[in-house]
Amino acid sequence: GPSGDELMTLQPAPVLNWSNPERRTVAGGMFLWTLEGRPQVAMCAYPTEEKQFDIEFQSLAQGSLTTRLNGEIVWTPQAAGVELRPLASAPAPASTIPSRLQQMRRLSREFSAKLVPNRGPEKPLRLLASPIYRYPETTAADQYVDGAMFAFVQGTDPEVLLIIEAVEHEKGALSWRYALARMSMVPMQVKHRDEWVWQTDWAIQDRSTTYFVDKNRPLDKTLAESSDE
């Protein structure tokens with residue numbers, strides 16, 4: 001961002017505790033870094049069979065990031081992690097916080113998602129009914145009016161993240177927009193109503209890509225700090 005190195009805020013508790021029996025992952029946690037209320041980095045940590053941790057990162061930011069783990073730079077995505085798109089068909093955001101939550105839940109149900117591995121059957125994903133993160137109430141400086149992040153899961157393991165935001169335009173009119181992000185190596189497809197709006201290939205693994213899994217970390221080195229550039 002133009003303001004230089006801004007340190008993000010790690011939400012104090014996991015936004016989701018999950019398991020994935022299909023992949024034999026008994027437990028995992030998803031953590032979220034925010035900047036002025038908005039989600040910027042999603043991170044899942046889960047144990048592997050070698051008694052180590054895999055740490056899965058996904059950028060939700062509008063620009064590049066640097067992530068350090070105990071001082072060591074582990075992940076430096078160079079591009080924006082998400083693309084915010086208008087939800088043109090949606091009714092205007094309501095004036096109250098509870099009504100907007102009802103609207104966001106209704107809008108989230110217009111989406112459907114599935115994993116589409118090259119071999120084997122497609123795997124439809126389940127939308128969790130409640131958002132895993134709700135933006136805090138706004139201040140005058142905020143770039144949003146309201147927002148929430150939803151998860152499509154396998155078991156309870158997040159595979160696709162859906163951000164829905166209410167924003168204000170110059171003329172004071174409010175509208176909804178959305179963004180999608182992967183939390184899986186596997187190719188996936190997302191549909192909005194009857195239209196395919198997003199699909200991914202197998203994830204390329206690189207410390208500069210917006211999605212990256214840092215594999216086989218020792219158990220004593222788990223949590224990272226993140227800043228945007």
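Leu16 and Leu101 end up in different hydrophobic clusters when Ile, Leu, Val, Met, Phe, Trp and Tyr side chains are linked at under 4.5 Å. Hydrophobic clustering (side-chain heavy atoms under 4.5 Å, transitive across Ile, Leu, Val, Met, Phe, Trp, Tyr) groups Tyr144 together with Leu161. Under a hydrophobic clustering in which Ile, Leu, Val, Met, Phe, Trp and Tyr are joined whenever their side-chain heavy atoms come within less than 4.5 Å, directly or via other members, Leu69 and Leu10 fall into the same cluster. Hydrophobic clustering places Trp202 together with Val160 (ILVMFWY residues linked when any side-chain heavy atoms are closer than 4.5 Å, directly or through intermediates). Following chains of ILVMFWY side-chain contacts shorter than 4.5 Å, one cannot reach Val145 starting from Trp176, and the two form parts of different hydrophobic clusters.
Salt-bridge formation is not detected for the pair Glu159/Lys123: no Lys NZ or Arg NE/NH1/NH2 atom is positioned less than 4.0 Å from an Asp or Glu carboxylate oxygen.
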- Could you go step by step and tell me if Arg134 and Ile97 meet the side-chain contact (heavy atoms from CB on, under 4.5 Å) rule? CA-CA 11 Å; Arg134 177 82 184 270; Ile97 289 171; 3.2 Å; yes

- Message: Let's go through Val167 and Ser175 carefully: what are the C-alpha distance in whole Å and the side-chain angles of both, what is the deciding distance for side-chain contact (heavy atoms from CB on, under 4.5 Å) to 0.1 Å, and is it a yes or a no?
- Response: CA-CA 6 Å; Val167 288; Ser175 68; 4.1 Å; yes

- Walk me through it: do Phe150 and Phe111 pass the test side-chain contact (heavy atoms from CB on, under 4.5 Å)? CA-CA 11 Å; Phe150 295 84; Phe111 291 83; over 6 Å; no

- Task: Give the C-alpha distance, both sets of side-chain angles, the deciding distance and a yes or no for side-chain contact (heavy atoms from CB on, under 4.5 Å) between Ile73 and Arg68.
- Result: CA-CA 4 Å; Ile73 292 178; Arg68 292 179 180 84; 3.8 Å; yes

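Counting heavy atoms from C-beta outward, Leu127 and Ser108 have side chains that approach closer than 4.5 Å. Using a 4.5 Å heavy-atom cutoff, the side chains of Tyr135 and Pro39 are in contact. A heavy-atom distance below 4.5 Å is found between the side chains of Cys44 and Met183. In this structure the side chain of Leu125 never reaches within 4.5 angstrom of the side chain of Met188, judged on heavy atoms. Inter-residue side-chain proximity for Gln189 and Leu115 is flagged as unmet; no heavy-atom pair is nearer than 4.5 Å.
In terms of heavy-atom proximity, Arg126 sits nearest to Gly155 at NH2-O, 2.9 Å. Taking all atoms of both residues into account, the shortest heavy-atom contact from Leu65 to Val41 is CD1-CG2, 3.5 Å. Pairing each heavy atom of Trp75 with each of Gln58, the nearest pair is CH2-C, 3.7 Å. Across all their heavy atoms, Ala179 and Leu84 have their closest contact at CB-CD2, 3.8 Å. Pairing each heavy atom of Ala80 with each of Thr210, the nearest pair is O-CG2, 3.6 Å. Between Leu180 and Trp198, the shortest heavy-atom contact is CD1-CB, 3.6 Å.
Listed by first and then second residue, the salt bridge (Lys or Arg N to Asp or Glu O under 4.0 Å) pairs that reach into residues 75-85 are Glu83-Arg85, sequence neighbours excluded. Here salt bridge (Lys or Arg N to Asp or Glu O under 4.0 Å) pairs that include residues 193-206, with residues two or more places apart or in two chains, are Glu110-Arg193.
Between the side chain of Gln205 and the main chain of Val213, a donor-acceptor pair closer than 3.5 Å is present. Panel note: side chain Gln103, backbone Ala92; a donor-acceptor pair is recorded below 3.5 Å. A donor-acceptor pair under 3.5 Å is absent between the side-chain atoms of Arg105 and the main chain of Ser130, judged by distance alone.
Expressed to the nearest 0.5 Å, how far CD1 of Ile163 lies from CG of Leu60 amounts to 4.5 Å. For the atom pair Leu32 CG and Gln40 CD, the distance stands at 9.0 Å (nearest 0.5 Å). One finds the CE atom of Met104 at 10.0 Å from the CD atom of Glu165 (value rounded to the nearest 0.5 Å). Summarising the geometry, atom CD belonging to Glu56 is positioned 9.0 Å from atom CE belonging to Met30; distances are rounded to the nearest 0.5 Å. Interatomic distance, CD1 of Ile132 versus OG1 of Thr156, reported as 11.5 Å (0.5 Å rounding). We find the CD1-CZ distance between Ile55 and Phe212 to be 10.0 Å, quoted to the nearest 0.5 Å.
Arg207 pairs with exactly one of Thr67, Asp214, Thr76 by the side chain to side chain donor-acceptor pair (under 3.5 Å) rule, that one being Asp214.
Ring geometry, Tyr178 versus His192: the interplanar angle falls under 30°, so the pair is classed parallel (tilted spans 30 to 60°).
Remark: Asp54 pairs with Lys215 by the salt bridge (Lys or Arg N to Asp or Glu O under 4.0 Å) rule, at least two apart or across chains.
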